[in-house]
*Asks:* 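Here you go, one structure.
Note: hydrogens, waters and symmetry copies are ignored here, and every other heavy atom, side chains too, is used. Remember, it's a predicted structure, so these values are computed and weren't measured experimentally.
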Amino acid sequence: MNPILNEIGAVFIPVKDIEDAKNWYCDLLGIPASGDIVAGHLYVVPMKDNGLVLDSKIYSEDNLYKTPPLHFNTKDIEAAFSFMKEKRIELVTDIENGHWFNFKDPDGNVLMICE
């Protein structure tokens, strides 16, 4: 029996300032910025499925994601794109192939939204 599960528990995102990142990601996802920062450098973003962990201890410019390590889901890519523009979030691409686009968080990590 294999002790390694066929599951992803969490994805770690390097962030410069844990408090700022906590507030930014929670605002982006429309969720309360509740919960504690753990050990002074970790914040687990409350998600429906897999975990998203913001970590200021692993932050360095060399550790930033230049390609998306994950994508956030949407049911309306056009509305999501407009939402990001209204929030003045840096968009890296336009909507590609009618179903995804990339953007940057305030620290410069490239992430994706996909329908």
Side-chain angles (χ1 to χ4, degrees):
M1 175 141 213
N2 189 337
I4 309 301
L5 301 176
N6 185 14
E7 301 172 2
I8 293 174
V11 175
F12 283 74
I13 303 289
V15 297
K16 189 173 194 176
D17 181 300
I18 193 65
E19 189 69 40
D20 287 347
K22 169 186 173 179
N23 292 329
W24 189 86
Y25 276 87
C26 288
D27 179 63
L28 175 71
L29 298 170
I31 57 176
S34 57
D36 295 326
I37 292 171
V38 179
H41 67 96
L42 296 168
Y43 180 70
V44 180
V45 179
M47 303 288 290
K48 289 185 178 181
D49 293 322
N50 299 322
L52 182 64
V53 180
L54 308 177
D55 188 349
S56 61
K57 193 171 188 176
I58 64 170
Y59 175 84
S60 78
E61 289 188 17
D62 291 336
N63 288 346
L64 295 177
Y65 289 109
K66 294 173 181 36
T67 58
L70 60 91
H71 74 258
F72 294 103
N73 292 332
T74 183
K75 293 183 180 182
D76 186 337
I77 197 67
E78 296 286 342
F81 193 77
S82 293
F83 175 80
M84 300 296 271
K85 285 172 91 172
E86 288 169 15
K87 292 187 95 38
R88 297 184 180 186
I89 293 173
E90 184 179 349
L91 300 169
V92 177
T93 68
D94 287 326
I95 297 171
E96 301 292 329
N97 301 314
H99 73 275
W100 64 271
F101 65 88
N102 291 344
F103 65 97
K104 285 186 180 180
D105 75 2
D107 293 305
N109 290 295
V110 176
L111 302 166
M112 179 184 284
I113 295 181
C114 189
E115 182 176 355

*Asks:* Kindly work out whether a path of hydrophobic side-chain contacts (I/L/V/M/F/W/Y, heavy atoms less than 4.5 Å apart) joins Phe12 to Ile18.
*Replies:* no

*Asks:* Rounded at 0.5 Å granularity, tell me how far CD1 in Ile95 sits from CG in Asn102.
*Replies:* 12.0 Å

*Asks:* With sequence neighbours left out, what residues match Pro69 under side chain to side chain contact (heavy atoms under 4.5 Å, CB included)?
*Replies:* Val11, Ile13, Tyr65, Leu111

*Asks:* If every non-hydrogen atom of Trp100 is compared with every non-hydrogen atom of Met112, which pair is closest and at what distance?
*Replies:* CE3-CE, 3.6 Å

*Asks:* Can you name the side chain to side chain contact (heavy atoms under 4.5 Å, CB included) partners of Asn73, sequence neighbours left out?
*Replies:* His71

*Asks:* Could you go through residues 42-58 and list every donor-acceptor pair under 3.5 Å that involves a side-chain atom there, pairing it with any protein atom two or more places apart or in another chain?
*Replies:*
residue, atom, partner, partner atom, Å
Tyr43, OH, Ser34, O, 2.4
Asp55, OD1, His41, ND1, 2.7
Asp55, OD1, Lys57, N, 2.8

*Asks:* Considering only distance and modelled atom types, tabulate donor-acceptor pairs under 3.5 Å from the side chains of residues 74-86, sequence neighbours left out.
*Replies:*
residue, atom, partner, partner atom, Å
Thr74, OG1, Asp76, N, 3.1
Thr74, OG1, Asp76, O, 3.3
Asp76, OD1, Glu78, N, 3.2
Asp76, OD1, Ala79, N, 3.0
Ser82, OG, Glu78, O, 3.2

*Asks:* Using the side-chain contact (heavy atoms from CB on, under 4.5 Å) rule, take Leu28 and Ile89 through it: C-alpha gap first, then chi angles, then the decisive distance, then the call.
*Replies:* CA-CA 10 Å; Leu28 175 71; Ile89 293 173; 3.7 Å; yes

*Asks:* Indicate if Leu64 and Val92 have the same hydrophobic cluster label, given that clusters are the connected sets of ILVMFWY residues with side-chain heavy-atom separations under 4.5 angstrom.
*Replies:* no

*Asks:* Among the clusters formed by ILVMFWY side chains lying less than 4.5 Å apart, do Phe72 and Leu91 turn up in the same one?
*Replies:* yes

*Asks:* Closest approach of Phe101 and Asp94, non-hydrogen atoms and distance?
*Replies:* CB-O, 3.4 Å

*Asks:* Mind checking what makes ring pair (Phe, Tyr, Trp, His ring centres under 6.0 Å) contact with Tyr59, not counting sequence neighbours?
*Replies:* none

*Asks:* Shared ILVMFWY cluster between Ile37 and Leu29, side chains joined below 4.5 angstrom?
*Replies:* yes

*Asks:* Would you tabulate the side-chain donor-acceptor contacts of residues 20-27 under 3.5 Å, counting partners in other chains and residues two or more places apart, or write 'none'?
*Replies:*
residue, atom, partner, partner atom, Å
Lys22, NZ, Ala33, O, 3.4
Lys22, NZ, Gly35, O, 2.9
Asn23, ND2, Glu19, O, 3.3
Tyr25, OH, Asp105, OD2, 2.6
Asp27, OD2, Lys87, NZ, 2.7

*Asks:* More than 12 foreign heavy atoms under 6.0 Å from CG of Asn2: is that the case here?
*Replies:* yes

